[in-house]
Number of protein chains: 2
Amino acid sequence: MANTFKCGLAPERWERLRQVLRQHRVVRVEDLCRELRASPATVRRDLAHLEKLGEVKRVHGGAVCIDSSLGEPVFEAKASISTEEKRRIARAALEYIEPGDTIYLDGGSTVLELARLLRDRTNIIVVTNSLRAASELAGQGPRLILIGGELRRISQTLVGPLTRWVLQELHLDKAFMGTMGLSLEAGLTTTDPSEAFTKELVMGQVRRVILLADSTKAGRVSFARAGRLENVHVLITDKQFDKALARQLAKKGIEVVRV
Amino acid sequence: MANTFKCGLAPERWERLRQVLRQHRVVRVEDLCRELRASPATVRRDLAHLEKLGEVKRVHGGAVCIDSSLGEPVFEAKASISTEEKRRIARAALEYIEPGDTIYLDGGSTVLELARLLRDRTNIIVVTNSLRAASELAGQGPRLILIGGELRRISQTLVGPLTRWVLQELHLDKAFMGTMGLSLEAGLTTTDPSEAFTKELVMGQVRRVILLADSTKAGRVSFARAGRLENVHVLITDKQFDKALARQLAKKGIEVVRV
DNA sequence: ATTTTTCTGATTGACTTTGATTGAATTCGC
DNA sequence: GCGAATTCAATCAAAGTCAATCAGAAAAAT
């Protein structure tokens, strides 16, 4: 039985079902019957269909919204596989944080790992543009400041010209930055210009830049320039990081840590 | 609408259980029965289920929270019970949003309901200081701008002097505000001064202030002044709102909508 | 217009969940 | 350590919910 949809009223009902579901998160069949003016059998069929599409999870008595299409931080956190490398890098970065520091956390999965390790550290101030990092520290943790800005959905970070205004008010001790590409010629690069704009802003404002980048970033060049190597003080990476590149970076005065 | 007090869906109950657990850290079965309106047998079954998921540790008489799975704010947002009143108020507020608007969403549960209804509205720009509202719109939705600031954990909002800098760069058409107290003498009041500071900042910056407040706020006075009644243009509330107060507010030029 | 196909809603028996009961296990007071 | 009180797990009946099937209605195709 192939999926040949004859468009009757069904798609319209699905859309309304989606709407109800988005709003309530969990719905019971009984309520949907009233809401959609359909029989329980039809509602169940619709739910079964949406479940096959991966949009809902059916449970006894109704269904719950699958947040995958919503892209909530929870889902992202689940999806982002925290590799052992990234976690090791993050743990090494912890060593650079001292009591009383005001630190900046950039977007990116490696830095996110670092954020997770900061939940007990109440003697520092964390500044970030990453909604995911903020989520990690939203329940408990150090003082947390978000710089304002427009949400870039794909990275869940706040970017753009607005970020400038809060940043200029703050004095940052250390910034833990991520990057998409790291090369001798192009320096730090990332995919999005407004993301790059904010990164450069931060790096111009902070006393010490600590770059967290796993070995896959070595030699890569992405679209937009996000900073110069001259601004980087420490690079924390893993053992697989290209050795020649590491030596040249060290020669440029960057402290390279491989864990 | 004669909402049947039938037993909720299992996942719903789990979510509330998680919430209680997060708040109290340890819970007794007896208390959960009252809180979840379920029998001891069901509560035990639920606890056994959550234990299998590794979220709680069962002990004699109840259960304790496993810390590692703690502190995800998304759960709180999800768990916040949205009463029918609040949802109705939010739905009424939708009428005030026009294509092209730049609107501000304040913190508070009623406004959060409104945020949930805005996921399809891509023809507006949403500005907010509420991390929960941002979470609702993080996956999909209109352009989203967070004003910067320091996180106030209890309300999950960004507050304080830093909020000023992004706000002054923005031109807002309508602000949907929440409040803790609303009275003729004290105007709008809230519990936290820095929260109040940000609220006043917003209300001074926006063309039209639309207050969403259920009837429990009527006549209440909280700690810090968060705005004058003169700045409020529309009040959307429920049918139970004190009638005398409503009339006096109307006399002051406020459009009072009761849904 | 008729046939074919798809969709809907009702019926039925099977399954799941819930709450009460009862005997076993655990904790607390002495 | 022993007994009383509480709490737990297992079982069962009742209620609710589900999937399968079938007949009729609506739409599409001929």
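Proteins get letters first, then strands, A, B, ... in listed order; numbering begins at 1 in each. As the structure is a prediction and not an experimental result, all values here were calculated from the model.
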Note, B/Leu182 side chain near B/Leu188 side chain (heavy atom, < 4.5 Å) =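 SC-SC contact between B/Leu182 and B/Leu188 confirmed.
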Do the side chains of B/Asn129 and B/Tyr104 get nearer than 4.5 Å, heavy atoms only?
-> yes
Can you name the side chain to side chain donor-acceptor pair (under 3.5 Å) partners of A/Arg91, sequence neighbours left out?
-> none
Separation of [X] atom [atom1] from [N] atom [atom2], in whole Å?
X       : N      : atom1 : atom2 : answer
A/Arg37 : C/dT8  : CZ    : C1'   : 17 Å
A/Leu47 : C/dT8  : CG    : C1'   : 15 Å
A/Asp46 : C/dT6  : CG    : P     : 17 Å
A/Leu17 : C/dT8  : CG    : P     : 12 Å
B/Leu36 : C/dT17 : CG    : P     : 17 Å

If the condition is salt bridge (Lys or Arg N to Asp or Glu O under 4.0 Å), which residues does [X] pass it with, not counting sequence neighbours?
X        : answer
A/Arg37  : none
A/Arg58  : A/Glu51
B/Asp214 : B/Lys217

Select one nucleotide: of C/dG9, C/dT18, C/dG19, the one nearest the side-chain heavy atoms of B/Ala38.
->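 Looking only at side-chain atoms, B/Ala38 lies closest to C/dG19.
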Report yes if at least one side-chain N or O of B/Thr42 is closer than 4.0 Å to OP1 or OP2 of C/dG19; otherwise report no.
-> yes
Anything under 3.5 Å between a protein N or O and an N or O of nucleotides 6-13 of chain D, put it in a table, one pair a line.
from	atom 1	to	atom 2	distance (Å)
D/dT7	O4'	B/His60	NE2	3.3
D/dT7	O3'	B/Gly61	N	3.2
D/dC8	OP1	B/Gly61	N	2.5
D/dC8	OP1	B/Gly62	N	3.4
D/dC8	OP2	B/Arg44	NE	2.9
D/dC8	OP2	B/Arg44	NH2	2.6
D/dC8	O5'	B/Arg44	NE	3.3
D/dA9	OP1	B/Arg58	NH2	3.1
D/dA9	OP2	B/Arg58	NH2	2.7

So, B/Lys199 and B/Thr190: side-chain donor and acceptor under 3.5 Å apart, yes or no?
->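 No, no side-chain donor-acceptor contact under 3.5 Å.
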With distance as the sole criterion, is a donor-acceptor pair present between the side chains of B/Asp238 and B/Ser215 under 3.5 Å?
->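 The criterion, which ignores hydrogens and geometry beyond distance, is satisfied for B/Ser215 and B/Asp238.
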To 10°, what angle do the rotation axes through the five end pairs on each side of the helix from C/dA1-D/dT30 to C/dC30-D/dG1 form?
->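 That helix has its two terminal axes inclined by roughly 40°.
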